**Q** 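The structure that follows is given in the form of structure tokens.
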Amino acid sequence: QVQLVESGGGLVQAGGSLRLSCAVSGLSFNTKTMAWFRQAPGKEREFVAAITSGDSTTYYSDSVKGRFTISRDNAQNTVYLQMNSLKPEDTAVYYCAAYRIRTVTGNYKYWGQGTHVAVSS
């Protein structure tokens with residue numbers, strides 16, 4: 001059974017930082033592209049960042065590029081999202097995703113339950 005468990009969300013002031021973690025079990029973590037998505041209230045889910053297996057190539061949405069960093073620890077089966085210079089518009093539920101179906105920014109086969117991030121102005 002595949003499980004993705006996110007943690008690290010919370011309330012932070014604008015300009016602050018948070019680090020999200022996603023612990024993965026039940027699949028070959030080191031061979032899978034991992035990603036973070038987010039969904040704000042009343043909006044569609046959007047791609048945030050992804051990291052491939054092998055050479056760990058990273059991808060970011062334009063809205064977070066330069067502020068967020070995705071990384072992975074294959075020994076711990078964990079993917080991270082370091083979020084700096086947070087803005088109120090970053091407020092959303094953040095989801096970890098594994099096993100891309102086609103494109104890096106598209107759909108994934110497995111999803112976590114989400115962790116809430118709230119940024120106050």
Side-chain angles (χ1 to χ4, degrees):
Q1 180 181 359
V2 177
Q3 285 191 314
L4 284 70
V5 180
E6 301 101 331
S7 60
L11 174 64
V12 64
Q13 288 188 332
S17 298
L18 282 175
R19 188 194 197 200
L20 305 183
S21 300
C22 174
V24 181
S25 60
L27 57 73
S28 299
F29 178 83
N30 61 344
T31 66
K32 300 298 185 286
T33 294
M34 299 296 301
W36 289 94
F37 287 75
R38 67 186 182 186
Q39 187 167 20
K43 295 187 176 181
E44 292 187 354
R45 184 180 65 196
E46 65 172 352
F47 169 79
V48 175
I51 184 166
T52 63
S53 60
D55 61 0
S56 295
T57 300
T58 57
Y59 301 83
Y60 297 96
S61 67
D62 288 342
S63 61
V64 307
K65 197 173 297 182
R67 299 187 298 122
F68 291 11
T69 302
I70 188 171
S71 62
R72 65 190 298 157
D73 183 338
N74 289 335
Q76 297 294 325
N77 284 8
T78 301
V79 62
Y80 303 98
L81 186 68
Q82 177 67 44
M83 306 186 295
N84 298 328
S85 302
L86 282 160
K87 304 175 181 180
E89 51 264 44
D90 294 318
T91 295
V93 177
Y94 283 71
Y95 296 93
C96 174
Y99 201 149
R100 66 174 176 173
I101 294 175
R102 288 187 180 178
T103 62
V104 169
T105 62
N107 205 2
Y108 284 69
K109 187 173 182 178
Y110 302 108
W111 295 85
Q113 82 288 348
T115 186
H116 190 234
V117 172
V119 184
S120 63
S121 57

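Predicted model, so just to flag it, every value in this text is computed and none were measured.
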**Q** Could you tell me which residues satisfy side chain to side chain donor-acceptor pair (under 3.5 Å) with S61, sequence neighbours excluded, listed by chain and number?
**A** S63
**Q** Looking at CZ of R100 and CG of N107, how far apart are the two atoms once the value is rounded to the nearest 0.5 Å?
**A** 13.0 Å
**Q** Shared ILVMFWY cluster between L86 and V48, side chains joined below 4.5 angstrom?
**A** yes
**Q** What are the two closest non-hydrogen atoms of R72 and N74, and how far apart are they?
**A** NE-OD1, 2.9 Å
**Q** So do the side chains of R67 and M83 get within less than 4.5 Å of each other, counting heavy atoms only?
**A** no
**Q** Quick check for you: to the nearest 0.5 Å, what is the distance between Y110 atom OH and Y99 atom OH?
**A** 6.5 Å
**Q** Rounded to the nearest 0.5 Å, how far does OH of Y60 lie from CH2 of W36?
**A** 12.5 Å
**Q** With rounding to the nearest 0.5 angstrom, report the OG1 to CD1 distance, T57 to I70.
**A** 11.5 Å
**Q** Mind checking the OG-CE spacing from S71 to M34? Nearest 0.5 Å is all I need.
**A** 11.5 Å
**Q** Taking the side chain as every heavy atom from C-beta outward, state whether R38 and D90 have any pair of such atoms under 4.5 Å apart.
**A** yes
**Q** Under a single-linkage rule joining Ile, Leu, Val, Met, Phe, Trp and Tyr whose side-chain heavy atoms are separated by less than 4.5 Å, which residues share a cluster with F37?
**A** F47, Y59, V93, Y95, V104, Y108, W111
**Q** Would you be so kind as to tabulate the donor-acceptor pairs closer than 3.5 Å made by side chains of residues 10-33, with sequence neighbours excluded?
**A**
residue, atom, partner, partner atom, Å
S17, OG, N84, OD1, 2.9
T31, OG1, S28, O, 2.9

**Q** Check for a donor-acceptor pair, side chain of E6 on one end and backbone N or O of Q113 on the other, with a separation under 3.5 Å.
**A** yes
**Q** With side chain to side chain contact (heavy atoms under 4.5 Å, CB included) as the criterion, how do K87 and V64 come out once you've worked through the C-alpha distance, each side chain's angles and the decisive distance to 0.1 Å?
**A** CA-CA 10 Å; K87 304 175 181 180; V64 307; over 6 Å; no
**Q** Would a distance-only check, ignoring hydrogens and angles, find a side-chain to backbone donor-acceptor pair under 3.5 Å from T91 to V119?
**A** yes
**Q** Are V2 and I51 linked, directly or through other ILVMFWY residues, by side chains that come within less than 4.5 angstrom of each other?
**A** yes
